[in-house]
2 protein chains.
Amino acid sequence: MGVDTPGPAPAADPVEDFAADVFSRRCTSREALEHVTGKWALLAVTALLESPHRFGELRRRVDGVSEKMLSQSLQTLERDGWVHREVRSTIPPHVEYRLTDAGRELAPRLLDLVRFVEGAMPAVHAARAARS
Amino acid sequence: MGVDTPGPAPAADPVEDFAADVFSRRCTSREALEHVTGKWALLAVTALLESPHRFGELRRRVDGVSEKMLSQSLQTLERDGWVHREVRSTIPPHVEYRLTDAGRELAPRLLDLVRFVEGAMPAVHAARAARS
DNA sequence: CGGGATCCGTTAAGATACTG
DNA sequence: CAGTATCTTAACGGATCCCG
């Protein structure tokens, strides 16, 4: 397209890389998507939809998660703006995690997915059993 | 199990493990969820929502995926009953992947998630930049 | 209580080559 | 064309110890 356009039409505008589509290798949304759909991140966000949680509460709620992975997931979620972390410097320390506005838009979609897959489990087991 | 249960009230019915909730460590739905939200699986399912694809077509559509990972993801998706694989034993071979009925219920939820995250990318970048 | 730092085994992922 | 087999490398993930 427009091979010889000398005018102000930058073909490779860096801003366009933002919203592009996930099917493109370089699209940054792919990374963000992975953060959100990560094994523990998904469960943490879903749990936070119910109510704010403290670290230990989340740890108990998301059964099986290690402190390291929960901490790591929460940091990534905070960095991408889905979760807010509030620290109260008391003794003992009190840290609370809650969804941001963006997170409150995201979480229902994840919950919907979770619920659907839960409901589809009989079919999934049937499919697995079907093939000899 | 049910050693001395005379009545028809089995407390620990093994069938109940199925639909339980993902927050429980032993819940099988957690595994199924991971299969579906996997990096490549998610993109493959989303691509198949548009139309059936051949292996090579999918490979080109899902930019950056290796043959190995695509093959692996598709096998898992087929095993769990989201995707159907149809082989035509011609020369050269012709294999087509399409969503099952269950897959056609699943895919829109994933696509919705993808679209939402794509749209939220400006906010995500802003959140990342916000913290020094 | 809420993590950060470190160590280390397990698994996932990518590149490459080969087959029906 | 549509994969499988093999190998190497990178990332994940858990356990442990420690500090504010």
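By convention in this document, chain letters (A, B, ...) are assigned in the order of the sequence lines, proteins followed by strands, and residues within each chain are numbered from 1.
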What N/O pairs connect the protein and nucleotides 14-17 of chain C at under 3.5 Å? Give each pair on its own line.
unit_1: C:dG14; atom_1: OP2; unit_2: B:W40; atom_2: NE1; d: 3.3
unit_1: C:dG14; atom_1: O6; unit_2: B:K68; atom_2: NZ; d: 2.6

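The distance between atom CD of B:Q72 and atom P of D:dT4, rounded to the nearest whole Å, is 10 Å. Rounded to an integer number of Å, the gap from CG of A:L70 to C1' of D:dA15 is 16 Å. Across the protein-nucleic acid pair, A:E34 atom CD and C:dA12 atom P stand 15 Å apart, rounded to whole Å. Rounded to whole Å, the distance from NE2 on B:H35 to C1' on C:dT11 is 13 Å. Atom-to-atom, NE2 of A:H53 to C1' of C:dG2 comes out at 16 Å; the value is rounded to the nearest Å. Between the CZ atom of B:R59 and the C1' atom of C:dA13 there is a distance of 13 Å, rounded to whole Å. The distance from atom CG of A:L43 to atom C1' of D:dG13 is 15 Å, rounded to the nearest whole Å. Per the geometry, CG belonging to A:L74 stands 16 Å off C1' belonging to D:dG13, to the nearest Å.
Here the straight-line distance linking atom CH2 of B:W40 with atom CG of B:L70 works out to 9.5 Å at 0.5 Å rounding. Atom CD of B:E86 is separated from atom CZ of B:R88 by 5.0 Å, given to the nearest 0.5 angstrom. Atom OG in A:S73 sits 13.0 Å away from atom CD in A:E78 (nearest 0.5 Å). Separation of atoms CZ (A:R128) and CE (A:M121) is listed at 5.5 Å; rounding is to 0.5 Å. Put simply, OH on B:Y97 and NE2 on B:H84 are 11.0 Å apart, with the number rounded to the nearest 0.5 Å. Atom CG of residue B:L106 and atom CG of residue B:L111 lie 11.0 Å apart, to the nearest 0.5 angstrom.
Here the side chains of B:D63 and A:R30 are in contact, with some heavy-atom distance below 4.5 Å.
For the segment residues 83-100 of chain A, the set of residues with a heavy atom within less than 4.0 Å of an atom of DNA chain C comprises A:R85, A:P92, A:P93, A:V95, A:Y97, in numerical order.
Residue pairs satisfying the salt bridge (Lys or Arg N to Asp or Glu O under 4.0 Å) criterion with at least one member in residues 100-109 of chain A, sequence neighbours excluded, are listed as follows: A:D101-A:R104, A:R109-B:D112.
In the hydrophobic clustering of ILVMFWY residues, with side-chain heavy atoms under 4.5 Å counting as a link, B:I91 and B:F55 come out apart.
Using a 4.0 Å heavy-atom cutoff across all strands shown, B:Q75 reaches sugar-phosphate atoms only and no base atom.
When the side-chain nitrogen and oxygen atoms of A:S71 are compared with OP1 and OP2 of C:dG4, one or more of them lie within a distance under 4.0 Å. Between B:R54 and D:dA2 there is a side-chain polar atom (N or O) within less than 4.0 angstrom of OP1 or OP2.
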